[in-house]
Amino acid sequence: MRIIAGSARGTPLLAPKGMDTRPTQDKVKESLFNIIGPKVQGAAVLDLFAGTGNLGLESWSRGAGLIQFVDNNRNSLKLVRSNIAKCRAEADCKVLKYDAEAAVDLLYRQNQRFDLIFVDPPYNKGWVQKVLRKLERSPLLTEDGWLIVEHSQHDDIAGSVPAGYGVFRSQHYGETVLTFIRHGETVEEQR
């Protein structure tokens, strides 16, 4: 696992031992960043279920402004902090040890808003649906922001998309699906 492009290109990231954390594969990450393209420049980014910090640090390397990492696992946060240090990104990164749903509420109360929100929870455990419902009650996305959800093809998220938002693109990579959500889109427009 490494940073693919940008100022920290080629920097190897520490990966977890065991299966509690499932880092985004390089080919999926490369496709994701090809889709979001220049949207990452100067963006405020929220990396929920940060794991290793892989997606947030790739964003930082490609020019994002502020990266907020959230995870509730002590070992994951240790990896995130180590990987931030490897990239020398400490000045632009914040790390929050919190449950994802509680973090959404906290960040909303603090009036924080994000241009890109990555939601990459453990597969098939209902976390995607819970967090999407929480983001409907505590909207953290800027008006033209994007919510990018990485989930299993078996995770049905259609009924959990926040009101006023819609899926505008889905990409499948074997078991993994990237679903892109933004304001004003409707599910019918996802062709």
Side-chain angles (χ1 to χ4, degrees), residues 1-9 11-26 28-30 32-33 36 39-123 125 127-128 130-132 134-135 138-142 145-151 176 178 180-181:
M1 186 174 58
R2 63 188 169 80
I3 300 294
I4 296 171
S7 62
R9 181 181 182 181
T11 302
L13 299 177
L14 298 172
K17 294 177 174 76
M19 292 302 291
D20 289 343
T21 301
R22 174 200 36 78
T24 301
Q25 297 174 1
D26 280 355
V28 175
K29 182 170 68 167
E30 188 167 7
L32 185 162
F33 281 92
I36 64 177
K39 186 148 190 65
V40 76
Q41 281 289 1
V45 176
L46 174 59
D47 190 350
L48 285 172
F49 303 95
T52 62
N54 188 12
L55 295 176
L57 286 168
E58 186 72 37
S59 299
W60 175 83
S61 181
R62 292 172 185 243
L66 167 76
I67 315 296
Q68 175 69 68
F69 297 94
V70 175
D71 207 298
N72 200 26
N73 181 290
R74 202 175 18 182
N75 293 328
S76 291
L77 291 174
K78 187 188 263 186
L79 280 174
V80 170
R81 286 186 180 98
S82 294
N83 286 329
I84 290 169
K86 285 187 83 153
C87 292
R88 297 187 177 118
E90 296 92 341
D92 300 316
C93 296
K94 295 180 182 180
V95 179
L96 182 61
K97 183 185 185 309
Y98 245 78
D99 168 83
E101 289 181 275
V104 168
D105 282 338
L106 174 68
L107 295 168
Y108 181 73
R109 285 193 312 272
Q110 293 176 347
N111 290 317
Q112 295 194 48
R113 299 298 178 267
F114 299 92
D115 304 301
L116 296 169
I117 299 177
F118 297 113
V119 179
D120 182 12
Y123 286 179
K125 301 208 186 250
W127 277 106
V128 171
K130 288 178 189 175
V131 169
L132 289 176
K134 183 59 74 171
L135 284 167
S138 300
L140 293 177
L141 205 57
T142 60
W146 289 12
L147 176 61
I148 299 116
V149 182
E150 182 178 331
H151 59 96
T176 299
L178 290 177
F180 296 81
I181 299 168

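Only this structure's heavy atoms are used, side chains among them; waters, hydrogens and symmetry mates stay out.
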Between L132 and L147, does a side chain to side chain contact (heavy atoms under 4.5 Å, CB included) hold up when you go through it step by step?
CA-CA 9 Å; L132 289 176; L147 176 61; 3.4 Å; yes

Criterion side chain to side chain contact (heavy atoms under 4.5 Å, CB included) on L141 and W146, from CA distance to verdict:
CA-CA 7 Å; L141 205 57; W146 289 12; 5.6 Å; no

Determine, step by step, whether V119 and F49 satisfy the side chain to side chain contact (heavy atoms under 4.5 Å, CB included) criterion, reporting the C-alpha distance in whole Å, the side-chain angles of both residues, the deciding distance to 0.1 Å, and the verdict.
CA-CA 7 Å; V119 179; F49 303 95; 4.2 Å; yes

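For the pair E58 (side chain) and I4 (backbone), a donor-acceptor distance under 3.5 Å is present. In terms of modelled atom types and a separation under 3.5 Å, the side chain of S61 and the main chain of S7 share a donor-acceptor contact. In this structure, K86 contributes its side chain and P12 its backbone to a donor-acceptor pair below 3.5 Å. Distance alone, capped at 3.5 Å, is enough to place a donor-acceptor pair between the K29 side chain and the R2 backbone.
Interatomic distance, OH of Y98 versus CG of D71, reported as 14.5 Å (0.5 Å rounding). Put simply, NZ on K39 and CZ on R62 are 15.5 Å apart, with the number rounded to the nearest 0.5 Å. For the atom pair CG of L46 and CG of L135, the computed distance is 8.0 Å after rounding to the nearest 0.5 Å. Here the CE-CG distance, from M1 to L79, works out to 7.5 Å after rounding to the nearest 0.5 Å. Note that the CG atom of D115 and the OG atom of S59 stand 11.0 Å from one another [nearest 0.5 Å]. A distance of 11.0 Å separates CG of L55 from CG of L48, quoted to the nearest 0.5 Å.
Minimum heavy-atom separation, Y108 to P139: CD1-O, 3.2 Å. Between A85 and E90, the shortest heavy-atom contact is CA-OE2, 3.2 Å. Taking every heavy atom of both residues into account, L107 and R113 meet most closely at O-NH1, 4.2 Å. For the residue pair N73 and N75, the shortest heavy atom distance occurs at OD1-N, 2.8 Å. Of all heavy-atom pairs spanning A43 and L116, the tightest one is CB-CD1, 4.2 Å. Annotation for N83 and L14: closest pair OD1-N, 2.6 Å, computed over non-hydrogen atoms.
Remark: A89 engages L57, W60, I84, C87, C93 in a side chain to side chain contact (heavy atoms under 4.5 Å, CB included) (not counting sequence neighbours). Residues satisfying the side chain to side chain contact (heavy atoms under 4.5 Å, CB included) criterion with L66, sequence neighbours excluded, are K94.
Using a 4.5 Å cut-off on side-chain heavy atoms (C-beta onward), T176 and Y123 make contact.
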